[in-house]
Structure formats: C-alpha cells, structure tokens
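Data block below; observations after.
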Protein chains: 2
Amino acid sequence: MNFRDLEYFVQLTEDRNYTKTAQHFAVSQPTITYAVKRLEAELGVPLFIRDQSHHQLDLTLAGQEFGEHAKAILQELVTAKADIVTLTQQKIRFGLPPIIGTYYFPQLAKRLIQQNLMSHLQTFEAGSATLQQQLQSGEIDVALLGTVDPIEMAQIKTITLAKTDFKIIVSPKHDLQQQTAIKFAELKKEPFITLKEGFVHPAAFRKLAAINHFEPQIAYTTPDINVLKGMVHENVGISFLTELALKDDQSVHTINLTDKNQPHFDIVLAYRPQVNPLMEKLIDELQQPINL
Amino acid sequence: MNFRDLEYFVQLTEDRNYTKTAQHFAVSQPTITYAVKRLEAELGVPLFIRDQSHHQLDLTLAGQEFGEHAKAILQELVTAKADIVTLTQQKIRFGLPPIIGTYYFPQLAKRLIQQNLMSHLQTFEAGSATLQQQLQSGEIDVALLGTVDPIEMAQIKTITLAKTDFKIIVSPKHDLQQQTAIKFAELKKEPFITLKEGFVHPAAFRKLAAINHFEPQIAYTTPDINVLKGMVHENVGISFLTELALKDDQSVHTINLTDKNQPHFDIVLAYRPQVNPLMEKLIDELQQPINL
DNA sequence: CTAACTTACGGTCTTCGTAACCATA
DNA sequence: TATGGTTACGAAGACCGTAAGTTAG
C-alpha cells in the first residue's frame, strides 16, 4: 500500500468527484480510478458505491471507516516529518575555550560527527570565565570549561572529565633541561613567558606564586600558545602550561612541579539540565572516555 | 512513501541487523538497504548511524523519532483493516414476512444491493406475528411487518412505510366481475377462499366480519397465494387480499371495498433502536420511497 | 450529445534479487 | 577468513498518461 493512494482517496472523499481530485493532484483521472481500485483490492471491500444512476459519489460504510483511519495515518506522517525537521534544526549553543578546543575537543569531535551531533552545535569560543557567565545567564546551553578550583554554579550541573597537571617548560638550551621535577620556589630568578588567557592559567599562576610567597618575574605575555612555545624554545624565558597543551611537543623541555597543593587544570563539562533527547545524547557522548 | 518500507524499518529498529530483518521478511538483504535509503532520502535525514566499526547498529535521534511515528502509522493501518473486517462481517437479523418479501421487498432489494447492504442481512422468513415476538425477544434486529392495527411494542421503534387496502377478488367468470366497488355485507352468500397466513389476512377478515355481523362462508384455506388466486380464477370461490399481492394481476377481477372503518394492510418497519452505523444506514434505506 | 467514470495499452519509473564489492573483527 | 552492509545491474512489476469505451441524463 502506498501513501499516495491514501492521499488520493482522502481527497476524493472530500471532493466526491474523481475528475476534481485528479485536477487537485495534477494527474490524469484514471490515476485516481486505479488508486481507489488498488485500495479496494488490498482491503477486499468496495470503498465507494458505484451507482451509475447516482450522480453523487457515495462512500460505503467501509469507505467512511477507512477514510477516518487514512486521515489519521496521513496526519501521523505529516507530524513525523515536522518533528524530524524540528529535531534536525535544533541547535545546542556550545561553549569551548581555545585551549580545550585545540588540545582536547578534536578527539571528541570525531565521535560527535559519527553520532550526527556536530551539525547541532553552535560553537561559542571564549575563555572559561566568560563561558561560565554565559552559561549562567542562559546565553549558551553547554560548555567545556577549564578550571583550577571546583565550579559551583546555581542551576548548572558540572561533571569533571579530566584532571591534568600544570608543567614548567624550558628551552632545550636552558640549564634546567636535564631536570624532570622541580619546586616552583626554585624558579624565583627565572623570567616567565605567560599566557594572556581568560581565566585558568593566570589564576593557577597566581595561586602558585601566593603559596610560595614571591612574585615571579614576567618577561612577556602572549595570547598565543605557539608564540609562547616559540619564545620558550628560543630561551627568552621559561613558562608554565597545562600538560594538555604539551602532548608530543618536542620543541620544549617539560618539567614536573613537585609542590604540594599545586593547582590542577580540570576539564569540566557544565550545562543547564534539560529534558531534551538531543542534549542528553550530547552530554552522554561528551562523557565518553578519550585518550588524552 | 511505502508502507512496506516502514515495516522493514520498524523491524530493523528492533533487530538492529539488516540480515536478520531481511530473513524476517524473506527478502534479500539489499532490499532492506534500499528501503532504508528510500526513507532517508524522503525524510532528508539519516536514520541510522553508519559506523564503520559496526559493533551495534544505532539509530539517530531522527531515527528514534521516526520509529515511533512509523509504529503508530502501521498500528493505525492494522486497526483500519481489522475495523473493516468487523464491519464487513457484521450481520443484521432481518425479519421478512412472505407476502412482503414477495410483493414489496424486491424493489427495496435493488437499492440495498447497490448500497452494499444485502450482504449484511440474515433474513428470517416468518409471519408478522412471529416476527413481532422475535423482535421483542431480541432474536432479530429489524423486521418489515404487515399489520392491521398499529403496533405498540416496548423498546421497539416502528415506522409505517405504506398503507394498502384490502380488495375482493373474483373470477372473470363470476357475476360480480363487472363491479368495481362493493360492501362486504353484500358477500354473505359467497364462498371464500382464505389465506392461511400467520397474522394479517385472518385478522383483517375477522374484523370485517365482526363489523358486518355475519360469519362468511369458508370454502377453502390455503397458505399459498398463487393457489388461492388459481382457485379464485377457476371460480371455486371469491377471496380477500391486500392490493399489494394483486399488482398487475390479470387472472382475477379486483373489486374495491366501500365499508367505512375497513381494515388496512400497513407495512411497518420495526426495529430495536441501536447506535450502529450499519443499522442506521439500513433503516434509512428501507424508508426510501419506492413505487408500489 | 455531454459528463463522469472505467478499461486498454504502452511507456517509464520503482523495486528487488543476484552478484560483486568493501570494511571490520 | 567470516560477518555484515553497500553498490551495480538487469529483470519484473507498479504506476501513470493517452485514448477508447461505457453509462446515465
């Protein structure tokens, strides 16, 4: 059975005139005849009373009954299509800080594409602090955030996806290039290249400085991680970065910090709870373990 | 769009395995592939997540949504077919007295056939008195009844369809064959051929006799109208019949009765009121005017 | 004769099966 | 290599348009 035949039939129950219905669908009149015949053959009952003398086309009882069901079926199909369009057009406003976007998100992205979720994301790129505010004000729906301290926000649910350490990086030409671990306090004399970033690195850096009761010497501040790494490589100074941004990087030497109570760079999934299949699926997928 | 594709799809959402679904419908596996492709093309969205590393065939959100609608559509179709079968098999127990069946009903029958109603009738042939009882006891649903007096029955609705006169018939050889009207009292000396019929003719005959204070002479009683007419034709006696049974009959001569308060042969439609489209339609059709 | 539906016939688009192909475990 | 899905192609069938046929007014 064919949906087109049902449409012809339903229209015919309203027009009560084969010719008119044919014109309505811009098809030839016999097309309607055959559609009705197909339905009658499949159902095994006549749907119309074929009375030559009767100039008015009449439905049989079975025809009336079937007409109601046919309308319901067509309506259900229309609804189905409309619902799918709605689903397809649905967008999730997704906040992504640059560092996480560059070093963490790409591995998630592959999975999101496979699950047909990427096309639903409207990405907002901003620092974690800005994104926190936007999340709270409702400007975005979900965000991946980098944080030093646990996040507490009313109406916002948070899930920690990964905890990473901060590392000290130095040039291969630097004296420290043979060390694998060091205390922050030992770096009092070193000039630092720091990241001009919205939230996390400055906060962590200040925290470490406060714990160690000294004010590190800032040689230069850049918003670009590659510029920062380049300057460290050229031994303009040393720096302080999440290990996330250092994966497989051979241009600089990485040194662990041995400080107790040292800050960590946590990647947190934050969102406003919603009853929404698309959001649910996204939240679910973002929590899937990935290889850092 | 095709219902078959929907069936394939719904089954596939349960099987999560193209091959299994193909086997379920005894078709080749590519048939399922194409069915899904057709649906996806028509809806404009992927329904399944085509993950090369096929651990498990997964539905997209659109697929889940559409699956629900598809099930609803298929269920509606199943219901439609079941309802039509129920409608088709529905029977109305229909009481029909012999005289009305022979002389009145045939004209109705043509219309009932055109309206696809005849196949729903289960006819019970019996005298009007018997049918009245069966109607009241619920053994039949509708009846056409012949009556002399108005029918009063609890729970039974009655509609008079036609009023016909009783006539006197005589042989063409009989002395009265030149008369067109007569009083019943003038027939005291005549031998009557009477109808051995369930209810109406004997009752009417007794009523006329009572009004005229005499006991007519009964020459012979037969249950068969043609036998009766034959005997009248051969001048064995005269008789008394509803005009209904005399239409176009050339074998006997018909004489009107001039008595006041003479009984009439009423054709009454009687039924127990029901909320039932089929019954409604039958009652409606039976009331359509016909040419007597 | 006209209006309206049905039947006949031929062409075209759909659908399906076989078989070959591709990807993953 | 075995399992499971997709693509290619030819055959069968469904669908539709033109045109002719039928029936009632």
Side-chain angles (χ1 to χ4, degrees), chain A residues 1-60 63 67 70 110-111 113-116, chain B residues 1-60 63 70 77 110-111 113-116 288 291:
Chain A
M1 193 182 295
N2 200 309
F3 282 92
R4 201 179 317 126
D5 288 352
L6 287 191
E7 287 173 12
Y8 291 164
F9 172 70
V10 168
Q11 186 64 34
L12 184 54
T13 62
E14 286 168 15
D15 291 341
R16 302 291 167 120
N17 180 311
Y18 280 66
T19 307
K20 193 173 169 195
T21 299
Q23 287 165 353
H24 182 274
F25 290 103
V27 296
S28 73
Q29 187 277 324
T31 297
I32 309 300
T33 297
Y34 279 117
V36 173
K37 280 197 172 302
R38 278 192 293 273
L39 291 177
E40 289 181 331
E42 175 146 2
L43 297 172
V45 288
L47 297 171
F48 288 97
I49 293 170
R50 279 162 182 72
D51 188 349
Q52 307 291 44
S53 64
H54 230 265
H55 44 285
Q56 172 76 351
L57 188 61
D58 269 341
L59 280 170
T60 62
K110 187 188 170 198
R111 176 176 224 101
I113 290 169
Q114 283 176 347
Q115 299 290 321
N116 282 81
Chain B
M1 193 182 291
N2 201 310
F3 282 91
R4 202 179 316 123
D5 289 351
L6 287 192
E7 287 174 14
Y8 291 165
F9 172 71
V10 168
Q11 186 64 36
L12 184 55
T13 61
E14 285 168 17
D15 291 341
R16 303 290 167 121
N17 179 312
Y18 281 64
T19 307
K20 193 173 170 198
T21 298
Q23 286 165 353
H24 183 273
F25 289 103
V27 296
S28 72
Q29 189 275 328
T31 298
I32 309 300
T33 296
Y34 280 117
V36 173
K37 282 197 172 301
R38 278 192 292 273
L39 290 177
E40 289 181 331
E42 175 145 1
L43 297 172
V45 288
L47 297 171
F48 287 97
I49 292 169
R50 280 163 180 71
D51 193 348
Q52 305 294 46
S53 57
H54 47 50
H55 24 66
Q56 172 80 347
L57 188 61
D58 268 341
L59 280 171
T60 62
L77 184 61
K110 187 189 170 197
R111 174 174 225 103
I113 289 170
Q114 283 176 346
Q115 301 288 322
N116 284 79
Q288 296 303 311
N291 298 325

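Every chain is numbered from 1 and lettered A, B, ... according to where its sequence line falls, protein lines coming before strand lines. No hydrogens, no waters, no symmetry mates; every other heavy atom, side chains included, goes into these values.
Judged as a salt bridge (charged side-chain N to carboxylate O under 4.0 Å, His left out), and not counting sequence neighbours, the contacts of A/E42 are B/K81. For A/R111, the salt bridge (charged side-chain N to carboxylate O under 4.0 Å, His left out) test picks out A/E285, with sequence neighbours left out. Contacts of B/E7 classified as salt bridge (charged side-chain N to carboxylate O under 4.0 Å, His left out), with partners at least two apart in sequence or in another chain: none. Under the side-chain hydrogen bond (donor to acceptor under 3.5 Å, both in side chains) criterion, A/N2 pairs with no residue at all, not counting sequence neighbours. Residues satisfying the side-chain hydrogen bond (donor to acceptor under 3.5 Å, both in side chains) criterion with A/Q29, sequence neighbours excluded, are A/T33. The side-chain hydrogen bond (donor to acceptor under 3.5 Å, both in side chains) check on B/T13 picks up nothing, with sequence neighbours excluded. Contacts of A/Y8 classified as ring pair (Phe, Tyr, Trp, His ring centres under 6.0 Å), with partners at least two apart in sequence or in another chain: A/F25. Under the side-chain hydrogen bond (donor to acceptor under 3.5 Å, both in side chains) criterion, A/E40 pairs with A/R50, not counting sequence neighbours. Every residue was checked against the ring pair (Phe, Tyr, Trp, His ring centres under 6.0 Å) condition with A/Y18, not counting sequence neighbours, and none meets it.
In this structure, B/K20 places its NZ atom 12 Å from P of D/dG5, rounding to the nearest Å. Atom CZ of A/F3 is separated from atom P of D/dC15 by 14 Å (rounded to the nearest Å). C/dC5 atom C1' lies 15 Å from atom CG of A/D15, rounded to whole Å. One atom, NZ of B/K37, and another, C1' of D/dA8, lie 13 Å apart when rounded to the nearest Å. Between the OH atom of B/Y18 and the P atom of D/dG4 there is a distance of 14 Å, rounded to whole Å. With rounding to whole Å, B/I32 atom CD1 is found 13 Å from D/dG4 atom C1'. A/N17 places its CG atom 5 Å from the P atom of C/dC5, with the value rounded to the nearest Å.
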Once base and sugar-phosphate atoms are separated, protein heavy atoms under 4.0 Å mark nucleotides 11-18 of chain C, 5' to 3', with B, S and - as ----SSBB
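B/K20 and B/D15 get closest at one heavy-atom pair: C-OD2, 3.9 Å.
In this structure, the helix from C/dC1-D/dG25 to C/dA25-D/dT1 shows an angle of 20° between the axis at its start and the axis at its end, each fitted on 5 base pairs and rounded to 10°.
In the region residues 39-47 of chain A, proximity to DNA chain C at under 4.0 angstrom, judged on heavy atoms, holds for none of the residues.
Residues B/V27 and B/I32 form a side-chain contact, since some pair of their non-hydrogen atoms from C-beta on lies under 4.5 Å apart.
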